[in-house]
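Down below is the structure, laid out as structure tokens.
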Amino acid sequence: LYSDRIVLTVAHTIEYFGNDLNASYLYAPGVKIGSDQKKYFAQKILIAPTYRPRIGTDNTRVDDFAIIILRESMPVRNNVQVASPADIESFIREKTPVEMVGYGLQNVAMRTDSLARNTMSPNKLMSVLVSGDDLRKYYTAYPEWHQPNQTMLDLGIPNNDKVGSVCDGDSGAGFFVQKGDVRYYLGAVGGSQAGITNCNALLGKFAPNGGMSGITPTYKFLSLIKEAEDFVANEKKIEAAREEARAAAELKAKQEADERA
């Protein structure tokens with residue numbers, strides 16, 4: 001949740017919304033999944049114009065980023081800022097802790113347990129951020145754990161059985177660094193994964209030194225975020241004008257009723 005009406009996610013999750021945007025909704029972050037939770041309906045979707053899905057054996061999604069704009073405001077508990085290139089360089093150099101909170105599968109059994117999947121609570125991953133060079137070194141070191149000729153993304157997040165890992169259902173969750181009351185948003189889960197098969201029924205294990213998530217830094221999409229912010233600001237002006245007109249109509253009706261009385 002970037003602001004009260006703007007949700008940052010990945011483009012490939014939007015396909016689950018189907019063709020009826022008006023029927024699509026989200027829950028507030030951090031709650032247990034369930035029908036008793038308040039639904040926040042989507043109003044508009046913005047997808048990175050450079051987004052490219054997986055192609056053939058290339059399992060990397062390029063510029064996998066999208067924004068969901070909500071019809072009404074959702075309570076915001078964090079001051080979210082998109083991490084700048086300088087922030088990211090600092091986080092890599094200082095090995096600053098990186099967090100991700102997601103609703104993905106926790107084990108192989110959940111693939112067939114619909115009850116568990118529909119009542120899940122979020123879980124946290126704790127890791128660090130690594131450079132694109134380190135991401136490429138990982139792919140070179142473990143060629144048998146991914147398809148050849150994968151597109152390399154800009155940054156990597158190590159995963160293993162100690163710090164936690166991503167799995168199906170985590171797509172769209174954000175990797176972030178928490179410093180004081182500011183949450184520095186790095187990028188969304190979903191670009192690429194390698195060596196992460198702990199929730200895969202076939203292998204059920206990690207690569208020898210763990211797995212790696214590849215991500216695209218969100219600062220590349222600041223113009224799309226600005227477009228969303230401008231849209232929300234305009235919508236709020238329209239809503240305020242409607243509310244002012246409604247209040248004026250009510251006041252006029254009351255005054256006319258008082259005069260007749």
Side-chain angles (χ1 to χ4, degrees), residues 1-49 65-82 99 101-103 114-124 169 171-174 176 178-185 188 218-219 221-261:
L1 186 61
Y2 176 72
S3 66
D4 62 335
R5 296 199 192 181
I6 296 177
V7 177
L8 308 184
T9 185
V10 284
H12 80 264
T13 63
I14 302 303
E15 64 192 56
Y16 297 106
F17 277 32
N19 296 321
D20 189 3
L21 179 62
N22 292 327
S24 303
Y25 61 85
L26 296 81
Y27 297 128
V31 303
K32 185 174 182 178
I33 296 174
S35 58
D36 57 330
Q37 300 288 353
K38 176 176 172 55
K39 297 176 181 178
Y40 292 87
F41 286 84
Q43 181 180 14
K44 186 179 178 67
I45 301 291
L46 299 175
I47 295 176
F65 180 76
I67 296 172
I68 303 170
I69 299 175
L70 304 174
R71 291 187 216 165
E72 62 175 309
S73 296
M74 186 185 285
V76 178
R77 286 181 274 175
N78 297 289
N79 174 13
V80 181
Q81 296 182 22
V82 174
E99 303 177 47
V101 180
Y103 288 83
S114 60
L115 179 61
R117 292 194 68 171
N118 293 326
T119 58
M120 290 176 65
S121 296
N123 287 272
K124 181 182 288 189
S171 292
F176 62 89
Q178 189 79 37
K179 284 198 169 186
D181 63 347
V182 177
R183 179 167 289 188
Y184 292 91
Y185 187 87
T218 299
Y219 67 71
F221 311 109
L222 290 179
S223 61
L224 198 67
I225 294 175
K226 178 65 164 54
E227 182 180 343
E229 290 173 330
D230 290 345
F231 178 86
V232 169
N234 187 60
E235 284 298 299
K236 288 184 176 181
K237 286 182 181 178
I238 294 172
E239 292 166 8
R242 286 175 182 163
E243 176 60 24
E244 185 177 343
R246 185 198 62 78
E250 282 188 358
L251 178 59
K252 181 179 179 182
K254 182 180 183 303
Q255 289 172 340
E256 290 175 349
D258 289 344
E259 288 174 1
R260 287 194 298 271

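Values below: all heavy atoms of this structure, side chains included; hydrogens, waters and symmetry mates excluded.
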Using distance only, find each side-chain donor-acceptor pair of residues 67-75 under 3.5 Å and give its atom names and separation, not counting sequence neighbours.
unit_1 : atom_1 : unit_2 : atom_2 : d
R71    : NE     : A42    : O      : 3.3
R71    : NH2    : N22    : O      : 2.5
E72    : OE2    : K38    : NZ     : 3.2
S73    : OG     : D4     : OD2    : 2.7
S73    : OG     : R5     : NE     : 3.1

Practice task
Take atom CD of E244 as the centre, draw a 6.0 Å sphere, and report whether it contains more than 12 heavy atoms from other residues, nucleotides or ligands.
Solution key: no

Problem - side chain to side chain contact (heavy atoms under 4.5 Å, CB included) involving R246 - partner list, sequence neighbours excluded - result: E243, E250

Practice task
Would you please name every residue forming a side chain to side chain contact (heavy atoms under 4.5 Å, CB included) with A188, sequence neighbours left out?
Solution key: V10, Y185

Practice task
Return yes when atom OH of Y25 has more than 12 non-hydrogen atoms of other residues, nucleotides or ligands closer than 6.0 Å, and no otherwise.
Solution key: no

Donor-acceptor list for residues 28-37 side chains, cut-off 3.5 Å, not counting sequence neighbours:
unit_1 : atom_1 : unit_2 : atom_2 : d
Q37    : NE2    : K32    : O      : 3.2

Handout entry: For N78, all residues meeting side chain to side chain contact (heavy atoms under 4.5 Å, CB included), sequence neighbours excluded
Key = V80, Q178, R183

Problem - Check: D258 and K254 side chains under 4.5 Å, non-hydrogen atoms - result: yes

Exercise for the section: Working to the nearest 0.5 Å, report the span between CG of L46 and CG of L224. Expected result: 5.0 Å

Practice task
Starting at CG of L1, measure out to OH of Y40 and round the result to the nearest 0.5 Å.
Solution key: 9.5 Å

Completion exercise
d(Y184 OH, Q81 CD) to nearest 0.5 Å is 5.0 Å

Practice task
Please report the closest heavy-atom contact between I47 and A66, naming both atoms and the distance.
Solution key: CG1-CB, 4.1 Å

Fill in the blank from the handout: Those residues at least two apart in sequence (or on a different chain) that pass side chain to side chain contact (heavy atoms under 4.5 Å, CB included) with E235 are Q43, F231, I238, E239

Problem - Side-chain heavy-atom pair E229, S3 within 4.5 angstrom cut-off - result: no

Practice task
Considering non-hydrogen atoms only, spot the tightest contact between P122 and V101 and give its length.
Solution key: CB-CG1, 3.6 Å

